[in-house]
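A note on names: the letters A, B, ... follow the listed sequences, proteins ahead of strands, and every chain is numbered from 1.
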2 protein chains.
Amino acid sequence: MNIGDIAKATGISAKMIRYYEETGLIRAANRALSGYRVYSDNDLQTLRFVRRARDLGFTVKQIDDLLTLWRDRTRASASVKEIAMGHVAALEKKMQELKDMTDTLLHLASNCHGDDRPDCPILRTLGSADAVAPLPKTRDRRKTRAFDRVR
Amino acid sequence: MNIGDIAKATGISAKMIRYYEETGLIRAANRALSGYRVYSDNDLQTLRFVRRARDLGFTVKQIDDLLTLWRDRTRASASVKEIAMGHVAALEKKMQELKDMTDTLLHLASNCHGDDRPDCPILRTLGSADAVAPLPKTRDRRKTRAFDRVR
DNA sequence: CTTGACCTTCCAACGGTGGGAAGGTGCAGG
DNA sequence: CCTGCACCTTCCCACCGTTGGAAGGTCAAG
(Lines give C-alpha, C1' and ligand atoms only; values in the text may rest on other atoms or scores of the structure.)
Protein backbone atom coordinates (compact mmCIF):
# COMPACT_ATOMS: atom_id res chain seq x y z
CA MET A 1 0.00 0.00 0.00
CA ASN A 2 1.24 3.46 -0.88
CA ILE A 3 0.56 6.49 1.24
CA GLY A 4 -2.45 7.49 -0.83
CA ASP A 5 -4.13 4.13 -0.32
CA ILE A 6 -3.64 4.19 3.40
CA ALA A 7 -4.76 7.81 3.54
CA LYS A 8 -8.02 6.79 1.87
CA ALA A 9 -8.38 3.76 4.15
CA THR A 10 -7.88 5.70 7.36
CA GLY A 11 -9.23 9.10 6.45
CA ILE A 12 -5.97 10.74 7.51
CA SER A 13 -4.43 12.93 4.82
CA ALA A 14 -1.10 11.88 3.33
CA LYS A 15 0.31 15.13 4.62
CA MET A 16 -0.61 14.25 8.17
CA ILE A 17 0.71 10.71 7.89
CA ARG A 18 4.10 12.10 6.90
CA TYR A 19 3.85 14.58 9.75
CA TYR A 20 3.07 11.84 12.26
CA GLU A 21 6.09 9.95 11.02
CA GLU A 22 8.33 12.99 11.21
CA THR A 23 7.29 13.79 14.76
CA GLY A 24 7.74 10.22 15.89
CA LEU A 25 4.12 9.35 16.63
CA ILE A 26 4.30 6.44 14.22
CA ARG A 27 7.46 4.66 13.15
CA ALA A 28 8.99 5.40 9.76
CA ALA A 29 7.41 3.41 6.96
CA ASN A 30 9.43 1.02 4.81
CA ARG A 31 10.40 2.34 1.41
CA ALA A 32 10.15 0.83 -2.05
CA LEU A 33 13.11 1.18 -4.46
CA SER A 34 11.48 4.30 -5.82
CA GLY A 35 11.53 5.91 -2.39
CA TYR A 36 7.76 5.57 -2.01
CA ARG A 37 6.53 4.73 1.46
CA VAL A 38 5.06 1.24 1.70
CA TYR A 39 2.53 0.36 4.37
CA SER A 40 1.51 -2.95 5.91
CA ASP A 41 -1.75 -4.05 7.45
CA ASN A 42 -0.10 -3.45 10.79
CA ASP A 43 0.53 0.16 9.89
CA LEU A 44 -3.05 0.42 8.76
CA GLN A 45 -4.24 -0.77 12.14
CA THR A 46 -2.01 1.70 13.95
CA LEU A 47 -3.17 4.61 11.84
CA ARG A 48 -6.77 3.64 12.32
CA PHE A 49 -6.10 3.71 16.04
CA VAL A 50 -4.63 7.19 15.71
CA ARG A 51 -7.53 8.39 13.62
CA ARG A 52 -10.10 7.22 16.11
CA ALA A 53 -8.32 8.57 19.13
CA ARG A 54 -8.08 11.86 17.26
CA ASP A 55 -11.82 11.74 16.58
CA LEU A 56 -12.30 11.37 20.29
CA GLY A 57 -10.37 14.56 20.88
CA PHE A 58 -7.15 13.13 22.26
CA THR A 59 -4.05 15.23 21.65
CA VAL A 60 -1.15 13.72 19.74
CA LYS A 61 0.77 13.45 23.00
CA GLN A 62 -2.05 11.51 24.60
CA ILE A 63 -2.27 9.26 21.58
CA ASP A 64 1.45 8.64 21.88
CA ASP A 65 0.88 7.41 25.44
CA LEU A 66 -2.09 5.32 24.37
CA LEU A 67 -0.12 3.78 21.52
CA THR A 68 2.65 2.79 23.91
CA LEU A 69 0.11 1.09 26.13
CA TRP A 70 -1.54 -0.43 23.10
CA ARG A 71 1.69 -2.03 21.99
CA ASP A 72 2.54 -3.21 25.49
CA ARG A 73 0.89 -6.59 25.95
CA THR A 74 1.42 -6.44 29.72
CA ARG A 75 -0.13 -3.02 30.28
CA ALA A 76 -2.63 -2.55 33.07
CA SER A 77 -6.09 -1.53 31.93
CA ALA A 78 -6.11 0.95 34.81
CA SER A 79 -3.48 3.06 33.02
CA VAL A 80 -5.63 3.34 29.95
CA LYS A 81 -8.74 4.09 31.91
CA GLU A 82 -6.90 6.80 33.79
CA ILE A 83 -5.92 8.59 30.59
CA ALA A 84 -9.40 8.21 29.19
CA MET A 85 -11.13 9.49 32.31
CA GLY A 86 -8.71 12.39 32.62
CA HIS A 87 -9.63 13.29 29.09
CA VAL A 88 -13.32 13.03 29.88
CA ALA A 89 -12.81 15.47 32.74
CA ALA A 90 -11.08 17.93 30.40
CA LEU A 91 -13.88 17.59 27.86
CA GLU A 92 -16.50 18.22 30.50
CA LYS A 93 -14.71 21.27 31.78
CA LYS A 94 -14.58 22.66 28.29
CA MET A 95 -18.24 21.95 27.75
CA GLN A 96 -19.06 23.91 30.88
CA GLU A 97 -17.04 26.84 29.60
CA LEU A 98 -18.89 26.79 26.30
CA LYS A 99 -22.17 26.62 28.14
CA ASP A 100 -21.31 29.65 30.24
CA MET A 101 -20.53 31.55 27.07
CA THR A 102 -23.75 30.63 25.34
CA ASP A 103 -25.75 31.46 28.47
CA THR A 104 -24.19 34.89 28.59
CA LEU A 105 -24.70 35.49 24.88
CA LEU A 106 -28.30 34.35 24.97
CA HIS A 107 -28.91 36.58 27.94
CA LEU A 108 -27.49 39.55 26.08
CA ALA A 109 -29.31 38.71 22.87
CA SER A 110 -32.63 38.32 24.63
CA ASN A 111 -32.51 42.01 25.47
CA CYS A 112 -31.63 43.01 21.91
CA HIS A 113 -34.51 43.99 19.64
CA GLY A 114 -32.80 42.63 16.59
CA ASP A 115 -34.36 45.18 14.28
CA ASP A 116 -33.02 48.15 12.32
CA ARG A 117 -32.67 50.38 15.34
CA PRO A 118 -29.06 50.99 16.35
CA ASP A 119 -29.41 50.42 20.08
CA CYS A 120 -28.07 46.99 21.05
CA PRO A 121 -27.36 45.77 24.57
CA ILE A 122 -24.85 43.25 23.29
CA LEU A 123 -22.51 45.97 22.08
CA ARG A 124 -23.40 48.25 24.93
CA THR A 125 -22.43 45.68 27.51
CA LEU A 126 -19.22 44.65 25.76
CA GLY A 127 -18.08 48.24 25.69
CA SER A 128 -19.12 49.22 29.18
CA ALA A 129 -16.89 49.39 32.23
CA ASP A 130 -18.86 46.65 34.00
CA ALA A 131 -18.02 42.99 33.87
CA VAL A 132 -19.84 40.97 31.25
CA ALA A 133 -20.90 37.95 33.26
CA PRO A 134 -24.54 38.41 34.26
CA LEU A 135 -24.58 34.97 35.85
CA PRO A 136 -23.16 35.31 39.36
CA LYS A 137 -23.07 31.62 40.15
CA THR A 138 -20.17 30.81 37.84
CA ARG A 139 -17.72 32.97 39.70
CA ASP A 140 -14.56 31.17 38.51
CA ARG A 141 -15.27 31.74 34.81
CA ARG A 142 -12.74 34.53 34.82
CA LYS A 143 -9.83 32.21 35.57
CA THR A 144 -10.38 29.88 32.66
CA ARG A 145 -10.42 32.31 29.85
CA ALA A 146 -7.65 31.34 27.47
CA PHE A 147 -8.66 28.37 25.38
CA ASP A 148 -9.50 27.36 21.87
CA ARG A 149 -11.86 29.47 19.86
CA VAL A 150 -14.81 28.12 17.96
CA ARG A 151 -14.35 28.39 14.25
CA MET B 1 -1.18 55.32 29.76
CA ASN B 2 1.62 53.10 28.56
CA ILE B 3 1.08 49.65 27.17
CA GLY B 4 1.75 48.00 30.52
CA ASP B 5 -0.91 50.04 32.26
CA ILE B 6 -3.52 49.23 29.69
CA ALA B 7 -2.48 45.60 29.69
CA LYS B 8 -3.14 45.47 33.42
CA ALA B 9 -6.42 47.35 33.04
CA THR B 10 -7.78 45.06 30.34
CA GLY B 11 -6.15 41.76 31.20
CA ILE B 12 -4.74 41.50 27.67
CA SER B 13 -0.97 40.98 27.60
CA ALA B 14 1.20 43.70 26.08
CA LYS B 15 2.30 41.13 23.51
CA MET B 16 -1.24 40.62 22.35
CA ILE B 17 -2.04 44.33 22.27
CA ARG B 18 0.89 44.85 19.88
CA TYR B 19 -0.30 41.86 17.88
CA TYR B 20 -3.83 43.26 17.59
CA GLU B 21 -2.35 46.54 16.39
CA GLU B 22 -0.10 44.82 13.89
CA THR B 23 -2.93 42.77 12.43
CA GLY B 24 -5.22 45.76 12.20
CA LEU B 25 -7.82 44.76 14.76
CA ILE B 26 -7.21 47.98 16.66
CA ARG B 27 -5.79 51.15 15.21
CA ALA B 28 -2.15 52.03 15.84
CA ALA B 29 -1.62 53.80 19.15
CA ASN B 30 -0.16 57.29 19.35
CA ARG B 31 3.49 57.47 20.29
CA ALA B 32 5.33 59.57 22.83
CA LEU B 33 8.65 61.20 21.85
CA SER B 34 10.38 58.16 23.23
CA GLY B 35 8.51 55.88 20.86
CA TYR B 36 6.39 54.46 23.66
CA ARG B 37 2.80 53.69 22.76
CA VAL B 38 0.36 56.01 24.54
CA TYR B 39 -3.24 54.98 25.13
CA SER B 40 -6.37 57.02 25.75
CA ASP B 41 -9.53 56.14 27.64
CA ASN B 42 -11.07 55.49 24.26
CA ASP B 43 -8.44 52.86 23.51
CA LEU B 44 -9.09 51.37 26.92
CA GLN B 45 -12.74 51.01 26.12
CA THR B 46 -12.02 49.39 22.78
CA LEU B 47 -9.60 46.91 24.29
CA ARG B 48 -12.02 46.07 27.04
CA PHE B 49 -14.54 45.34 24.33
CA VAL B 50 -12.05 43.06 22.62
CA ARG B 51 -11.21 41.30 25.83
CA ARG B 52 -14.82 40.57 26.65
CA ALA B 53 -15.72 39.39 23.18
CA ARG B 54 -12.69 37.12 23.38
CA ASP B 55 -13.90 35.78 26.72
CA LEU B 56 -17.14 34.96 24.98
CA GLY B 57 -15.24 32.89 22.43
CA PHE B 58 -15.50 35.18 19.42
CA THR B 59 -12.66 34.88 16.93
CA VAL B 60 -10.58 37.91 16.10
CA LYS B 61 -12.34 38.13 12.76
CA GLN B 62 -15.73 38.18 14.42
CA ILE B 63 -14.54 40.80 16.86
CA ASP B 64 -13.38 42.87 13.92
CA ASP B 65 -16.92 42.76 12.56
CA LEU B 66 -18.40 43.56 15.95
CA LEU B 67 -16.02 46.48 16.42
CA THR B 68 -17.08 47.92 13.07
CA LEU B 69 -20.70 47.73 14.14
CA TRP B 70 -19.79 49.11 17.52
CA ARG B 71 -18.21 52.18 16.00
CA ASP B 72 -21.05 52.67 13.54
CA ARG B 73 -23.67 54.78 15.30
CA THR B 74 -26.25 53.90 12.67
CA ARG B 75 -25.85 50.13 12.80
CA ALA B 76 -28.90 47.92 13.01
CA SER B 77 -29.11 45.84 16.15
CA ALA B 78 -30.21 42.96 13.93
CA SER B 79 -26.70 42.77 12.46
CA VAL B 80 -25.17 42.36 15.88
CA LYS B 81 -27.75 39.86 16.98
CA GLU B 82 -27.12 37.85 13.85
CA ILE B 83 -23.42 37.55 14.57
CA ALA B 84 -24.08 36.70 18.19
CA MET B 85 -26.67 34.06 17.40
CA GLY B 86 -24.48 32.55 14.70
CA HIS B 87 -21.79 32.25 17.29
CA VAL B 88 -24.20 30.65 19.73
CA ALA B 89 -25.05 28.07 17.09
CA ALA B 90 -21.35 27.32 16.57
CA LEU B 91 -20.82 26.99 20.30
CA GLU B 92 -23.75 24.64 20.61
CA LYS B 93 -22.52 22.50 17.75
CA LYS B 94 -19.15 22.24 19.39
CA MET B 95 -20.72 21.31 22.71
CA GLN B 96 -22.64 18.53 21.00
CA GLU B 97 -19.41 17.22 19.50
CA LEU B 98 -17.74 17.22 22.88
CA LYS B 99 -20.72 15.47 24.36
CA ASP B 100 -20.59 12.75 21.70
CA MET B 101 -16.93 12.23 22.52
CA THR B 102 -17.48 11.94 26.25
CA ASP B 103 -20.42 9.60 25.73
CA THR B 104 -18.30 7.32 23.60
CA LEU B 105 -15.39 7.44 26.02
CA LEU B 106 -17.60 6.76 29.02
CA HIS B 107 -19.20 3.89 27.18
CA LEU B 108 -15.81 2.39 26.43
CA ALA B 109 -14.51 3.03 29.93
CA SER B 110 -17.55 1.46 31.55
CA ASN B 111 -16.53 -1.86 30.02
CA CYS B 112 -12.93 -1.54 31.18
CA HIS B 113 -12.03 -3.22 34.46
CA GLY B 114 -9.50 -0.54 35.32
CA ASP B 115 -7.28 -2.97 37.23
CA ASP B 116 -3.83 -4.44 36.58
CA ARG B 117 -5.05 -6.90 33.97
CA PRO B 118 -3.95 -6.02 30.44
CA ASP B 119 -7.26 -6.49 28.67
CA CYS B 120 -8.91 -3.15 27.95
CA PRO B 121 -11.86 -2.55 25.65
CA ILE B 122 -10.85 1.05 25.11
CA LEU B 123 -7.66 0.04 23.34
CA ARG B 124 -9.27 -2.98 21.77
CA THR B 125 -11.98 -0.89 20.16
CA LEU B 126 -9.64 1.85 18.98
CA GLY B 127 -7.49 -0.71 17.22
CA SER B 128 -10.25 -2.80 15.71
CA ALA B 129 -11.55 -2.62 12.18
CA ASP B 130 -15.01 -1.54 13.34
CA ALA B 131 -16.09 2.04 13.72
CA VAL B 132 -15.73 3.53 17.16
CA ALA B 133 -19.11 5.22 17.54
CA PRO B 134 -21.36 2.97 19.60
CA LEU B 135 -24.12 5.58 19.47
CA PRO B 136 -25.91 5.17 16.17
CA LYS B 137 -28.03 8.28 16.50
CA THR B 138 -25.16 10.70 15.88
CA ARG B 139 -24.55 9.54 12.36
CA ASP B 140 -22.93 12.74 11.11
CA ARG B 141 -20.17 12.72 13.70
CA ARG B 142 -17.74 11.60 11.06
CA LYS B 143 -18.15 14.75 9.00
CA THR B 144 -17.25 17.14 11.76
CA ARG B 145 -14.02 15.66 12.86
CA ALA B 146 -11.33 18.27 12.44
CA PHE B 147 -11.53 20.82 15.22
CA ASP B 148 -9.64 22.07 18.20
CA ARG B 149 -8.27 19.64 20.70
CA VAL B 150 -8.78 19.91 24.38
CA ARG B 151 -5.62 20.77 26.21
C1' DC C 1 6.70 8.15 -25.61
C1' DT C 2 3.36 10.99 -23.57
C1' DT C 3 0.07 11.93 -20.22
C1' DG C 4 -1.76 12.11 -15.84
C1' DA C 5 -1.97 10.36 -11.31
C1' DC C 6 0.77 9.53 -7.89
C1' DC C 7 4.91 10.10 -4.94
C1' DT C 8 9.06 12.70 -2.81
C1' DT C 9 11.11 16.75 0.01
C1' DC C 10 11.04 21.48 1.38
C1' DC C 11 9.09 25.80 2.79
C1' DA C 12 5.22 28.73 4.35
C1' DA C 13 0.98 29.82 6.33
C1' DC C 14 -3.02 29.80 9.55
C1' DG C 15 -4.71 31.66 14.86
C1' DG C 16 -3.43 33.11 19.02
C1' DT C 17 -0.17 33.17 22.38
C1' DG C 18 4.20 32.99 24.93
C1' DG C 19 9.39 33.42 25.32
C1' DG C 20 13.45 35.76 24.81
C1' DA C 21 17.30 38.66 22.89
C1' DA C 22 19.26 43.21 22.18
C1' DG C 23 18.75 47.74 22.87
C1' DG C 24 16.44 52.39 24.35
C1' DT C 25 13.71 55.27 28.27
C1' DG C 26 12.02 56.99 32.67
C1' DC C 27 12.50 57.65 37.25
C1' DA C 28 14.13 57.09 42.00
C1' DG C 29 18.02 56.82 45.36
C1' DG C 30 22.61 57.57 46.52
C1' DC D 1 25.48 62.92 37.93
C1' DC D 2 25.62 57.92 38.03
C1' DT D 3 23.54 53.60 38.88
C1' DG D 4 20.00 50.43 38.95
C1' DC D 5 15.71 48.79 37.88
C1' DA D 6 11.36 48.63 35.69
C1' DC D 7 9.54 49.48 31.63
C1' DC D 8 9.42 50.10 26.65
C1' DT D 9 10.88 49.07 21.59
C1' DT D 10 11.52 45.71 17.51
C1' DC D 11 12.85 41.28 16.01
C1' DC D 12 12.70 36.38 15.53
C1' DC D 13 11.28 31.68 17.28
C1' DA D 14 8.18 28.16 19.17
C1' DC D 15 3.91 25.84 20.00
C1' DC D 16 -0.18 22.61 17.83
C1' DG D 17 -2.34 20.35 13.97
C1' DT D 18 -3.25 21.04 9.50
C1' DT D 19 -3.23 22.70 4.79
C1' DG D 20 -1.21 24.55 0.62
C1' DG D 21 2.10 24.87 -2.97
C1' DA D 22 6.49 24.43 -5.63
C1' DA D 23 9.84 21.58 -7.92
C1' DG D 24 10.94 17.32 -9.10
C1' DG D 25 10.83 11.87 -9.50
C1' DT D 26 7.89 7.37 -10.57
C1' DC D 27 4.38 4.43 -12.26
C1' DA D 28 1.00 2.61 -15.29
C1' DA D 29 -2.17 3.03 -19.09
C1' DG D 30 -2.98 4.59 -23.72
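For the side chain to side chain contact (heavy atoms under 4.5 Å, CB included) test, residues two or more places apart in sequence or in another chain that qualify with B/K15 are B/S13. Checked against side chain to side chain contact (heavy atoms under 4.5 Å, CB included), B/D72 has the following partners two or more places apart in sequence or in another chain: B/T74, B/R75. With sequence neighbours excluded, no residue forms a side chain to side chain donor-acceptor pair (under 3.5 Å) with B/R71. A/E82 meets the side chain to side chain contact (heavy atoms under 4.5 Å, CB included) test with no other residue; sequence neighbours excluded. In this structure, the side chain to side chain donor-acceptor pair (under 3.5 Å) partners of B/D65, at least two apart in sequence or on a different chain, are B/K61. For A/D41, the side chain to side chain contact (heavy atoms under 4.5 Å, CB included) test picks out A/M1, with sequence neighbours left out. With sequence neighbours left out, A/R117 forms a side chain to side chain donor-acceptor pair (under 3.5 Å) with A/D115.
Taking atom CG of A/D55 as the reference point, atom P of D/dG17 lies 14 Å away to the nearest angstrom. Between the C1' atom of C/dC7 and the CD1 atom of A/I17 lies a distance of 13 Å, rounded to the nearest Å. Rounded to an integer number of Å, the gap from B/K15 NZ to D/dC8 P is 13 Å. As rounded to whole Å, 13 Å separates atom C1' of C/dG26 from atom CG of B/D5. Rounding to whole angstrom units, CD1 of residue B/I26 and C1' of C/dG16 are separated by 14 Å. The separation between B/E22 atom CD and D/dT9 atom C1' is 13 Å, rounded to whole Å. For the pair B/Y19 OH and D/dA14 P, the interatomic distance rounds to 18 Å; values are reported in whole Å. Per the geometry, CZ belonging to B/R31 stands 9 Å off C1' belonging to D/dT10, to the nearest Å.
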For the pair A/N30 and A/R37, evaluate side chain to side chain contact (heavy atoms under 4.5 Å, CB included) and give the outcome as yes or no after the intermediate values. CA-CA 6 Å; A/N30 296 326; A/R37 287 175 181 81; over 6 Å; no
Take B/D43 and B/S40 through the test side chain to side chain donor-acceptor pair (under 3.5 Å) and record every step on the way to the result. CA-CA 5 Å; B/D43 297 324; B/S40 66; 3.2 Å; yes
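Closest approach to the A/R54 side chain among D/dC8, D/dT18, C/dT17 is made by D/dT18 (side chain taken as heavy atoms from C-beta onward). Closest to the side chain of A/S13, out of D/dC8, C/dG18, D/dT19, is D/dT19. Relative to the side chain of B/R37, the nucleotides C/dC7, D/dT9, D/dT19 differ in distance, and D/dT9 lies closest.
End-to-end axis angle of the helix from C/dC1-D/dG30 to C/dG30-D/dC1, from C1' rotation axes over five pairs per end: 20° (rounded to 10 degrees).
Base contact: A/R18 has a heavy atom under 4.0 Å from a base atom.
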What nitrogen or oxygen pairs link the protein and nucleotides 27-30 of chain D at under 3.5 Å?
none

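Toward the 5′ end of DNA chain D lies the nearest nucleotide of B/G35, the other residue of the pair B/G35 and A/M16 mapping further downstream.
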